[in-house]
Amino acid sequence: TSGLAAERLEQRKRDLFRAGLAHSRLRLLPSEGTYFQSVDYSAVSSLPEADFCQWLTREIGVAAIPLSAFYEGGFEQGFARLCFAKKDETLQAALALIPAGIVWRREAERTASAAEVPGRFTETGVRRPAPALRRRPPARRRARQLRRRRRAVDAEPRTARADPGR
């Protein structure tokens with residue numbers, strides 16, 4: 001009976017998620033027996049799957065997985081996977097974010113060059129820079145961490161270091 005209860009819970013969450021996305025411009029694909037809802041976003045954006053999923057995660061705050069990641073060579077179809085195995089509150093928050101972000105993405109692609117598209121609107125409608133643009137690139141961050149570690153090791157007293165030669 002626990003399997004039946006889990007199946008009902010999965011179906012309830014899937015129905016809740018699908019109902020919330022029904023009025024968005026995302027085309028819902030069938031999703032039976034899974035915790036993922038695949039969507040066709042071609043009516044929303046012309047970005048490659050990986051770029052669209054990164055944009056959705058970074059700028060809108062909803063994680064998505066590109067379906068091209070499951071194909072050798074990255075077969076692009078304009079599809080993304082969204083997981084609905086979450087708390088109801090998390091699903092409701094995601095469903096509130098997705099349609100507004102999707103509408104903004106399409107309008108931004110129509111009116112701006114690709115370099116101007118990243119960003120986020122506040123509740124008042126004022127655009128602010130995207131969080132990803134304020135961060136340092138990962139390679140620079142990693143190099144900075146390594147430099148700090150080297151400085152910390154150099155600052156240690158030499159007697160505290162283990163000397164394998166003794």
Side-chain angles (χ1 to χ4, degrees), residues 6-7 9-146:
E7 193 175 308
L9 178 65
E10 172 192 332
Q11 183 175 353
R12 185 185 65 76
K13 288 189 179 283
R14 180 179 54 241
D15 293 346
L16 171 72
F17 199 61
R18 288 180 66 89
L21 290 176
H23 299 293
S24 73
R25 297 194 53 202
L26 300 173
R27 188 171 63 87
L28 304 174
L29 303 175
S31 75
E32 298 294 323
T34 180
Y35 291 107
F36 294 95
Q37 175 61 58
S38 296
V39 296
D40 177 356
Y41 66 85
S42 59
V44 175
S45 177
S46 59
L47 286 174
E49 290 178 7
D51 293 342
F52 179 80
C53 290
Q54 284 181 355
W55 171 81
L56 192 63
T57 303
R58 288 182 179 157
E59 308 305 326
I60 304 303
V62 177
I65 304 163
L67 279 179
S68 61
F70 297 100
Y71 294 95
E72 189 173 335
F75 180 63
E76 293 284 335
Q77 304 176 83
F79 294 162
R81 284 176 84 183
L82 302 165
C83 181
F84 55 81
K86 308 285 182 195
K87 295 179 184 174
D88 286 351
E89 300 82 35
T90 306
L91 289 177
Q92 293 295 346
L95 291 171
L97 292 172
I98 290 173
I102 296 298
V103 167
W104 173 78
R105 175 78 206 182
R106 192 67 182 161
E107 291 303 313
E109 281 186 356
R110 282 189 198 138
T111 61
S113 69
E116 295 171 339
V117 168
R120 177 183 285 188
F121 283 100
T122 63
E123 293 76 27
T124 60
V126 178
R127 190 164 180 266
R128 64 180 181 208
L133 299 178
R134 293 189 300 249
R135 291 188 214 123
R136 290 184 177 192
R140 289 180 61 195
R141 194 171 30 239
R142 177 76 178 136
R144 189 176 70 241
Q145 289 171 346
L146 291 173

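The shown structure was predicted, so the numbers you read here are calculated from the model rather than taken from an experiment. In what follows, residues are counted from 1 in the order of the sequence shown.
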Roughly how far, to the nearest 0.5 Å, is the [atom2] atom of [Y] from the [atom1] atom of [X]?
{"X": "Glu32", "Y": "Glu10", "atom1": "CD", "atom2": "CD", "answer": "8.5 Å"}
{"X": "Ser45", "Y": "Leu26", "atom1": "OG", "atom2": "CG", "answer": "10.5 Å"}
{"X": "Cys53", "Y": "Leu67", "atom1": "SG", "atom2": "CG", "answer": "8.0 Å"}
{"X": "Leu47", "Y": "Trp55", "atom1": "CG", "atom2": "CH2", "answer": "8.5 Å"}
{"X": "Tyr35", "Y": "Phe17", "atom1": "OH", "atom2": "CZ", "answer": "15.0 Å"}

Would you name the heavy atoms of [X] and [Y] that are closest together and state the gap between them?
{"X": "Ala64", "Y": "Leu56", "value": "CB-CD2, 3.7 Å"}
{"X": "Arg14", "Y": "Gly33", "value": "NH1-N, 3.9 Å"}
{"X": "Ser38", "Y": "Arg81", "value": "OG-CG, 3.7 Å"}

Output yes when a side-chain donor or acceptor of [X] lies under 3.5 Å from a complementary backbone atom of [Y], and no otherwise.
{"X": "Ser24", "Y": "Leu21", "result": "yes"}
{"X": "Glu49", "Y": "Gln77", "result": "yes"}
{"X": "Gln37", "Y": "Leu29", "result": "yes"}
{"X": "Arg25", "Y": "Ala43", "result": "yes"}

Contacts of Tyr41 that satisfy ring pair (Phe, Tyr, Trp, His ring centres under 6.0 Å) - sequence neighbours left out: Phe52
Results of side chain to side chain donor-acceptor pair (under 3.5 Å) for Asp40 - residues two or more places apart only: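 Listed in chain order: Arg27, Ser42.
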Can you give each donor-acceptor pair under 3.5 Å made by side-chain atoms of residues 87-96, sequence neighbours left out, with the distance rounded to 0.1 Å?
residue, atom, partner, partner atom, Å
Asp88, OD1, Arg12, NH2, 3.4
Asp88, OD1, Lys13, NZ, 3.0
Asp88, OD2, Arg12, NH1, 3.1
Asp88, OD2, Arg12, NH2, 3.3

Min side-chain heavy-atom separation Leu16-Phe84 under 4.5 Å: no
Crowding at CD, Glu7 (>12 non-hydrogen neighbours, <6.0 Å):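 Counting other residues, nucleotides and ligands, CD of Glu7 stays at 12 neighbours or fewer.
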